[in-house]
Participant: 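For reference, the structure I am asking about is given below.
First listed ligand is number 1; within each ligand, the first listed atom is number 1. These numbers were taken from a predicted model, which means no experiment stands behind them.
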Amino acid sequence: MKIIVTDPIARQGIEILKASGLEVEEKPGIPPDELVKIIPDYDAIIVRSATKVTKPVIGAGNKLKVIGRAGVGLDNIDLKAAKDKGIKVLNTPAATSISVAELALGFMFAAARHIADATASMRQGKWEKKKLKGTELFGKTLGIIGLGRIGTELAKRADAMGMNVLIVDPYIKKCAVGEIRTLEQMLPKADYISIHVPLGDETYHMVNKAIFNKMKDGVIFVNASRGGIVDEDALYEACKSGKIGVAAIDVYEKEPLKDSPLYTLPNVIGTPHLGAQTKEGQIRAGIGVAEKVRDALLEKN
Ligand code: MLT
């Protein structure tokens, strides 16, 4: 049986598949029309977030039995089209939770201590000690929107650091750390807000102008979940006006991001979708997805 891998995954995952006698072809960055042409040859496809497994891809996949996603979000896969054709969609929901939570925490520290600005200033040979005075995270209030695996990891870490953690999640009745609040209750109270919800119809542009307006002035806003959850025009305006003190952004509605006005603003810091991009997280995700796809193809499950 043949598997196409269209985004880079850990070597360990590729080796697991090959060791089971499965044929693996790696075609990272394959153009969408090319993928539609060759997908009929494959029994499974493994992707991360860059490849869009669209209705045309699924429709053309006559032999396709499994779609493997090395990672968490399934927003790049047409789940309805897969379900209609009886194709299994398998992801690795826990593999990269700590990596993403640590990036969100890193953003919070970077914003509080001006790490990006300070580095840029040092590169220019300056010594701006007075200008770059920061704040502590200790004693501040963090609002976490979404208490899934990543939100939970972030809540534990923030709580251990002495932050007051407010959780917003309509699907959660109780939490081990922090206190549950409605969105309306949390927004004006939080010094830091971090989003950890999947992208779907319910969450598309859920953070918009009206939501930014309800936040505390100067809030530090973190998004390491999915770009489409935040209205980027509204984010730009909120940063420009100073409503948002610092926005720390890892994900964008259109990726790769090109020429975004966001990065013309001094109070936006960010990364190119690096949340899950750690050595440890990618090994877990690569091995996890390979084992699941192997078992599904060889009918061990
Ligand atoms: C995820 O959803 O796990 C990540 O966004 C995956 C990735 O970086 O490709």
Participant: Under 3.5 Å, is there a donor on one side chain and an acceptor on the other for Tyr204 and Glu253?
Facilitator: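 Side-chain D/A pair, Tyr204 to Glu253: present.
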Participant: Rounded at 0.5 Å granularity, tell me how far CD1 in Ile220 sits from CZ in Phe107.
Facilitator: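 Reported value, rounded in 0.5 Å steps: 12.5 Å.
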Participant: I need the contact type for Arg69 against ligand 1. Using non-hydrogen atoms and a strict under-4.0 Å cut-off, is it side chain, backbone, both or neither?
Facilitator: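 Side chain only; the backbone of Arg69 stays clear of ligand 1.
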Participant: Could you identify the single nearest non-hydrogen protein atom to atom 8 (O) of ligand 1 and state the distance to 0.1 Å?
Facilitator: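 So the nearest neighbour among protein heavy atoms is Arg48 NH2, 3.1 Å.
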Participant: Using modelled atom types only, decide if a donor and an acceptor are shared between the side chain of Gln185 and the backbone of Thr182 within a distance under 3.5 Å.
Facilitator: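 Looks like yes, one N/O pair under 3.5 Å.
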Participant: Could you say whether the N/O atoms of Ala70 and ligand 1 ever approach to under 3.5 Å?
Facilitator: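 Such a contact does not occur with ligand 1.
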Participant: Which is it for Arg226 and ligand 1 at heavy atoms under 4.0 Å: side chain, backbone, both or neither?
Facilitator: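 For Arg226, the contact with ligand 1 is made by the side chain alone.
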Participant: Has ligand 1 got any nitrogen or oxygen that is less than 3.5 angstrom from a nitrogen or oxygen of Val72?
Facilitator: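 Yes, at least one N or O pair falls under 3.5 Å.
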Participant: What protein heavy atom lies closest to atom 9 (O) of ligand 1? Include the residue and the distance to one decimal.
Facilitator: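 Protein heavy atom at minimum distance: Ser49 OG, 2.9 Å.
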Participant: Can you tell if the side chain of Glu153 reaches within under 4.5 Å of the side chain of Ile150, non-hydrogen atoms only?
Facilitator: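 With C-beta onward as the side chain, the pair stays apart.
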Participant: Which ligand 1 atoms, with their elements, are less than 4.0 angstrom from a heavy-atom of Gly71?
Facilitator: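 Those qualifying, in numeric order: 3 (O).
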Participant: Among Lys52, Arg69, Arg226, whose side chain to side chain donor-acceptor pair (under 3.5 Å) with Asp75 holds?
Facilitator: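 Running side chain to side chain donor-acceptor pair (under 3.5 Å) over Lys52, Arg69, Arg226 with Asp75 returns exactly one hit, Arg226.
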Participant: Quick check on contacts: which atoms of ligand 1 are under 4.0 angstrom from a heavy atom of His273?
Facilitator: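 Result: 4 (C), 5 (O), 8 (O).
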Participant: Holding to side-chain hydrogen bond (donor to acceptor under 3.5 Å, both in side chains), I want the full list of residues that pass it with Ser225, two or more places apart in sequence or in another chain.
Facilitator: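 Ser225: side-chain hydrogen bond (donor to acceptor under 3.5 Å, both in side chains) contacts with Asn223.
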